[in-house]
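Here is the structure we will look at, set down as structure tokens.
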Amino acid sequence: MSGLFTASFLRQIGWDVDVFERSPVELVGRGAGITGHPELLQALEASGAGTRDLGVEVDKRITIDRDGRIIGEKPLRQILTSWDRLQRLLRETIDPAHYHLGHTFDHIEQDGSEVRVYFAEGGIERADLLVGADGVRSAVRGQVAPQVQPIYAGYYIWRGAPKEADLTAQTLRSIFPYFTFFLPERQ
């Protein structure tokens, strides 16, 4: 996602940008649970991706107890979206001729004012700039800053995204229009 954002922003200011994706297939059907905070909406607009059909708009957040009773609420208008929807919007900002699947980063070499990027599949690309946006276990970061390692932030979150058709009519009426939270004991 950060690679697509970066490519879109660079393209907006006139750079020629190519994206090399490790996956051999388009990244679709992944993840839910992204909240459309104002900064995300601004970034999508500035990148050229826009916010059309971004997700489900909710007016407030609610917290429910084990019996489904509302025990807290906060008016907060937001758009709830998914990783997949964001990826599709950003992907549309990159010309298909400049989006390359199946390229696994191997290593980089500095060559004067350029970099040479070598891929495990045998390809080599020259560029003025390399943006390593290859995830939490980044191979690019592993080469250029091996001392930087991801660390556990000290928390986790469980997210649920049930199919609407699987919910009872009563459950659908009671939680669907809201961003709903449930906090088990000691959480």
Side-chain angles (χ1 to χ4, degrees), residues 1-10 19-44 46-47 49 51 54-56 58 60-68 70-74 76-91 94 99-110 115 117-121 129-163 166 175 178-187:
M1 189 73 61
S2 62
L4 288 175
F5 262 117
T6 303
S8 296
F9 285 132
L10 289 171
V19 175
F20 293 88
E21 176 60 56
R22 177 177 44 220
S23 174
V25 298
E26 286 279 358
L27 299 173
V28 296
R30 299 167 186 258
I34 295 179
T35 306
H37 294 287
E39 297 82 1
L40 174 61
L41 303 179
Q42 292 166 3
L44 286 167
S47 73
T51 57
L54 185 57
V56 177
V58 297
K60 66 180 171 180
R61 294 177 172 202
I62 63 170
T63 303
I64 59 174
D65 67 11
R66 185 172 293 281
D67 296 317
I70 296 174
I71 58 173
E73 60 184 80
K74 177 180 181 171
L76 184 59
R77 189 174 183 174
Q78 293 182 295
I79 297 175
L80 308 180
T81 190
S82 68
W83 185 98
D84 191 55
R85 182 62 185 145
L86 292 176
Q87 194 273 349
R88 287 175 188 258
L89 286 171
L90 288 164
R91 177 65 183 83
I94 309 299
Y99 188 80
H100 314 278
L101 294 169
H103 285 74
T104 306
F105 173 85
D106 186 68
H107 68 280
I108 184 175
E109 291 178 358
Q110 187 74 38
V115 293
V117 181
Y118 294 82
F119 296 101
E121 297 78 13
L129 174 69
L130 169 67
V131 175
D134 55 336
V136 69
R137 307 251 184 260
S138 170
V140 175
R141 183 177 50 246
Q143 181 180 338
V144 299
Q147 72 283 5
V148 177
Q149 295 294 316
I151 57 171
Y152 174 55
Y155 66 91
Y156 61 91
I157 186 169
W158 293 93
R159 295 175 186 238
K163 293 179 184 175
D166 293 343
I175 68 170
Y178 312 114
F179 190 177
T180 306
F181 295 81
F182 169 71
L183 302 174
E185 281 187 42
R186 300 185 325 226
Q187 299 293 315

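Quick note: residue numbers are just sequence positions, from 1.
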When rounded to the nearest 0.5 angstrom, what is the spacing between CZ in Arg22 and NE2 in His103?
13.5 Å

Is any side-chain heavy atom of Leu76 closer than 4.5 Å to one of Lys60?
no

Does the cation-pi check pass for Arg91 over Tyr99, that is, NZ or CZ under 6.0 Å from the six-membered ring centre and within 45° of its axis?
yes

Please check if the side chain of Asp65 supplies one atom and the backbone of Ile71 the other of a donor-acceptor pair under 3.5 Å.
no

Distance in Å, Thr180 OG1 paired with Ile175 CD1, rounded so as to fall on 0.5 Å steps:
5.0 Å

Side-chain donor/acceptor of Ser23 to backbone N/O of Val25, under 3.5 Å:
yes

Which pair of heavy atoms, one from Ile108 and one from Leu130, lies closest together, and at what distance?
CD1-CD2, 3.2 Å

How close do Ser82 and Arg85 get, counting heavy atoms only, and between which atoms?
OG-N, 3.1 Å

Heavy-atom closest pair, residues Ala120 and Asp106
N-CB, 3.8 Å

Looking only at non-hydrogen atoms, find the nearest pair between Ser8 and Ser47 and report the distance.
CB-O, 3.6 Å

Which heavy atom of Val58 sits nearest a heavy atom of Tyr178, and at what distance?
CG1-C, 3.8 Å

Atom pair CG/OG1 of Leu44 and Thr51 - distance to nearest 0.5 Å:
7.0 Å

To the nearest 0.5 Å, atom OG1 of Thr6 lies from atom CE of Met1 at 12.0 Å

Is any side-chain heavy atom of Ile79 closer than 4.5 Å to one of Val56?
no

Shortest non-hydrogen contact from Leu54 toward Thr81:
O-OG1, 2.5 Å

Phe181 CZ to Ile62 CD1 distance, which is reported to the nearest 0.5 Å
10.0 Å

With a 6.0 Å cut-off (strictly less than), is the heavy-atom count around OH of Tyr152, excluding the residue itself, greater than 12?
yes

Distance, nearest 0.5 Å, that separates CZ of Phe5 from CG of Leu40
5.5 Å

